[in-house]
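For reference, the structure discussed in these notes is given below.
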2 protein chains.
Amino acid sequence: MIRTVSTPRKHPPERRRPGTISIRDVALRAGVSIATVSRAVNRIPTVDPELASRVWKAIDEVGYLPNTQARALVSGRSRLLGLIVSEITNPFFPELVQEFETLATSQGYEVLIGSTNYDPARTESLMRRLLQRNVDGVAVMTFGVEEDLVKKLVEREFPLVFVDAGPNLPNIHVLKVDYGEGIRQGVQHLAALGHRSIAFISGPLAQRSPKVRLDAFLKSMDELGIHVPAEHQVEGTHTMEGGITAMEQLLALDKLPTAVMCSNDMTAIGALHALYRTPLKVPQDISIVGFDDIHLAQFMLPPLTTVQMSCRSLAVAAVEALRAGIEPDHPKARQKEWLISTRLVVRQSSTFPRGSLPAMSHSAQQRHGPAR
Amino acid sequence: MIRTVSTPRKHPPERRRPGTISIRDVALRAGVSIATVSRAVNRIPTVDPELASRVWKAIDEVGYLPNTQARALVSGRSRLLGLIVSEITNPFFPELVQEFETLATSQGYEVLIGSTNYDPARTESLMRRLLQRNVDGVAVMTFGVEEDLVKKLVEREFPLVFVDAGPNLPNIHVLKVDYGEGIRQGVQHLAALGHRSIAFISGPLAQRSPKVRLDAFLKSMDELGIHVPAEHQVEGTHTMEGGITAMEQLLALDKLPTAVMCSNDMTAIGALHALYRTPLKVPQDISIVGFDDIHLAQFMLPPLTTVQMSCRSLAVAAVEALRAGIEPDHPKARQKEWLISTRLVVRQSSTFPRGSLPAMSHSAQQRHGPAR
DNA sequence: TCTGTGCAGGGAAACGTTTCCCGCCTGTGA
DNA sequence: TCACAGGCGGGAAACGTTTCCCTGCACAGA
């Protein structure tokens with residue numbers, strides 16, 4: 001090692017974790033230069049197979065693991081992805097996190113998860129931390145966080161993935177969820193069963209995605225020529241508590257709707273709970289349809305009819321879109337929008353309204369019939 | 001800059017992300033050395049206040065954010081904590097993750113979350129990734145993963161936190177959950193109500209924590225002199241599905257128990273669902289008691305009586321124990337065990353067994369009475 | 001045999017910090 | 001006024017990689 005000007009330091013500090021072994025140890029043991037070790041590790045094809053195998057043997061013997069931070073420092077890429085969700089305790093998100101994590105790690109990325117809890121201060125600090133950690137890209141899966149909260153990331157031209165809508169800028173990818181399709185299926189399913197009085201419990205309408213879901217519902221109803229009175233549009237919070245409260249509002253009406261669609265499954269589950277406390281039976285007295293198809297949905301009583309938005313598709317698209325933004329020669333680097341489809345999953349929380357036998361075939365009637 | 005031997009490189013590669021600004025830019029702008037900037041940023045008191053404020057002004061103007069990887073590389077500390085859970089989709093864990101994350105980030109640490117999904121291969125790769133990322137410490141909150149899966153971490157003397165039990169080595173901290181206390185309260189609660197035939201649905205007994213919970217139950221029953229026949233100990237999986245299956249096993253018995261304690265809340269919720277499909281009423285015909293007190297528990301029908309293990313206490317202890325292991329002069333550096341208490345939360349899924357009025361005061365009877 | 005070409009592999013720069021070490025400046029005491 | 005002590009701040013080493021550049025060797029062609 002060549003020293004340039006000053007005298008060598010007297011007491012080189014022992015900062016390394018004792019067990020840590022570096023590329024230098026491998027090079028020493030294999031009798032090659034560290035450059036060659038690096039090339040072998042990164043599977044550069046020009047390295048002599050004989051040398052490479054000596055290197056791999058040495059790596060195995062000393063138990064070498066490349067230091068990711070040094071790698072990141074020099075290569076400028078951290079192989080870290082940020083994943084921002086609204087609240088990790090909402091059961092939809094762990095499922096998404098799990099899929100995202102599995103995909104990302106299988107492709108050599110690590111995931112830093114942050115939940116905003118709808119708190120701007122928390123989001124702000126989250127952004128700063130992600131920037132400091134030099135994440136390669138961030139997926140903002142919040143279904144409607146204010147965009148200016150992430151403007152720091154936008155400014156620095158980070159690869160970003162949004163759901164539903166995002167600023168139209170380079171490096172910004174948007175996962176377009178096709179709410180229309182699934183929600184239309186849901187509305188038509190209820191209409192086909194004979195429902196004409198269908199209420200909707202929305203999410204917090206200040207957010208983008210809940211608004212879009214409500215609009216999709218109203219549009220589908222309009223297509224069928226069914227009027228939705230104002231008192232049949234109730235704003236919830238996308239939580240079970242919100243679903244309970246909203247359902248109680250509907251229950252207080254003079255004339256109950258015969259079916260209720262909900263903006264997400266937790267809301268629907270809340271609605272079910274509110275109904276359990278009444279003499280009303282689901283689905284005989286009132287049909288309930290959810291949205292998301294979280295794992296819990298199929299275990300409800302009755303199992304919840306719901307519109308499925310596949311976590312897996314969302315995660316796959318998010319990871320692929322991020323990689324497209326990160327890796328310059330990715331085949332889909334220019335693709336800005338990624339479509340996520342939704343579809344109805346009919347279970348047992350929906351049937352024909354009491355008293356009005358539907359104009360449908362016998363088999364369909366059976367299929368939609370009550371569970372117990 | 002002094003070059004030693006070779007000629008300067010001709011085309012210094014442009015690897016930096018365009019928007020990135022380094023400590024050098026700040027130093028330039030503030031007219032000080034990078035050493036001074038570093039000292040100012042780290043609030044070293046010897047730096048002249050006048051200089052420091054110039055530095056902070058410059059930092060603000062250029063929008064400087066220290067690069068964590070470079071910091072980690074030189075300081076040997078990544079300020080990353082690993083958090084290993086069994087499966088993120090089990091509702092207990094997101095609550096824990098949220099608490100842990102909030103605490104860790106408020107103390108300047110970032111969290112890398114990994115779920116093992118009970119898959120050794122996945123765990124293996126998880127460990128390798130954590131080591132490569134140079135985490136400062138790892139909390140293994142799996143309630144019973146095989147210890148040899150983490151032996152790489154143990155070998156390298158990483159600060160580690162286990163739940164319930166771990167190898168007795170330096171740098172290993174153990175969160176001792178006092179299952180006994182809460183479970184005894186649960187058993188005594190049921191016994192006081194008059195139950196003598198109490199079944200237990202355990203978790204997977206190959207794991208450590210489920211075993212400990214079962215033992216605590218048996219011990220408490222033994223203390224009361226109540227015999228537990230073998231067919232009243234059913235092994236579940238700590239999932240809702242497991243709870244359903246296990247409850248169905250119990251329902252198939254000639255003589256039903258009058259109460260069932262469950263090793264976790266998801267199991268209890270599964271048991272409730274299995275019972276909904278029968279004419280039996282909870283709690284009038286059979287009492288159900290859970291364990292964990294997840295958020296969902298209070299929204300069950302009826303709201304679930306359960307033993308609370310505070311996520312928050314667990315997270316607080318885990319983070320503090322990790323810091324104790326990481327920071328050499330932490331006040332509690334020598335503390336190896338951290339006690340987590342549990343306590344019964346009485347809701348409405350437990351009451352006296354049908355037909356046998358309990359020998360208790362009127363007020364108590366009312367308190368434990370059926371909800372609806 | 002000599003020159004030219006290609007390429008594998010080694011030396012060292014660079015990434016952005018922290019921190020050691022030393023020089024210089026200021027202030028104090030004789 | 002000068003010597004000396006103390007402390008602030010700057011220069012540069014070090015962290016563990018990747019990758020540039022260049023050397024030296026093998027081999028081919030004349």
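Computation of the quantities below employed the complete heavy-atom set of this structure, encompassing side-chain atoms and omitting hydrogens, waters and symmetry-equivalent molecules. By convention in this document, chain letters (A, B, ...) are assigned in the order of the sequence lines, proteins followed by strands, and residues within each chain are numbered from 1. Note that the coordinates shown come from a computational prediction; the quantities given were computed from them, not determined experimentally.
Between the side chains of A:Tyr109 and A:Arg77, a donor-acceptor pair is found at a separation under 3.5 Å.
Position along DNA chain C of the nearest nucleotide to B:Arg39 versus B:Gln69 favours B:Gln69 as the more 5'-ward residue.
If you measure from atom CZ of A:Arg79 to atom P of D:dG16, you get 22 Å, rounded to the nearest angstrom. Rounded to an integer number of Å, the gap from CD1 of B:Ile59 to P of C:dT17 is 10 Å. Across the protein-nucleic acid pair, B:Arg24 atom CZ and D:dA12 atom C1' stand 11 Å apart, rounded to whole Å. Going from atom CD of A:Gln132 over to atom P of C:dT17 covers 10 Å, rounded to whole Å. The CD1-C1' distance, from B:Ile34 to D:dC8, rounds to 17 Å in whole Å. Taking atom CD1 on A:Ile44 and atom P on C:dG9, their separation rounds to 12 Å, with Å as the unit. Computed from coordinates, the A:Ile23 CD1 to C:dG11 C1' distance equals 14 Å when rounded to whole Å. Rounded to whole Å, atom P of C:dT18 lies 5 Å from atom CZ of B:Arg71.
Between B:Asn42 and the phosphate of C:dT18, there is a side-chain N or O to OP1/OP2 separation shorter than 4.0 Å. Between B:Ser38 and C:dT18 there is a side-chain polar atom (N or O) within less than 4.0 angstrom of OP1 or OP2. Contact between the side-chain N/O atoms of A:Thr36 and the OP1/OP2 oxygens of C:dG9 is not found at any separation under 4.0 Å. Distances shown here put a side-chain N or O of B:Ser33 below 4.0 Å from the OP1 or OP2 atom of D:dG10.
Residue B:Leu51 has its side chain nearest to D:dG9 when only D:dT17, C:dG16, D:dG9 are considered. Out of D:dT17, C:dC15, C:dT19, the shortest distance to the side chain of A:Leu73 is found at C:dC15. Ranking D:dG10, C:dG10, D:dT18 by closeness to the B:Ala35 side chain, first place goes to D:dG10.
By the 4.0 Å N-to-carboxylate-O rule, A:Arg133 lies close enough to B:Glu110 to be salt-bridged with it. Salt-bridge annotation for A:Glu101 and B:Arg122: present, with a side-chain N of the basic residue lying under 4.0 Å from a carboxylate O of the acidic one.
Contact check for B:Arg323 versus B:Asp136: no side-chain heavy atoms found under the 4.5 Å cut-off. Taking 4.5 Å as the limit, every side-chain heavy atom of A:Val161 sits out of range of all side-chain heavy atoms of A:Val174.
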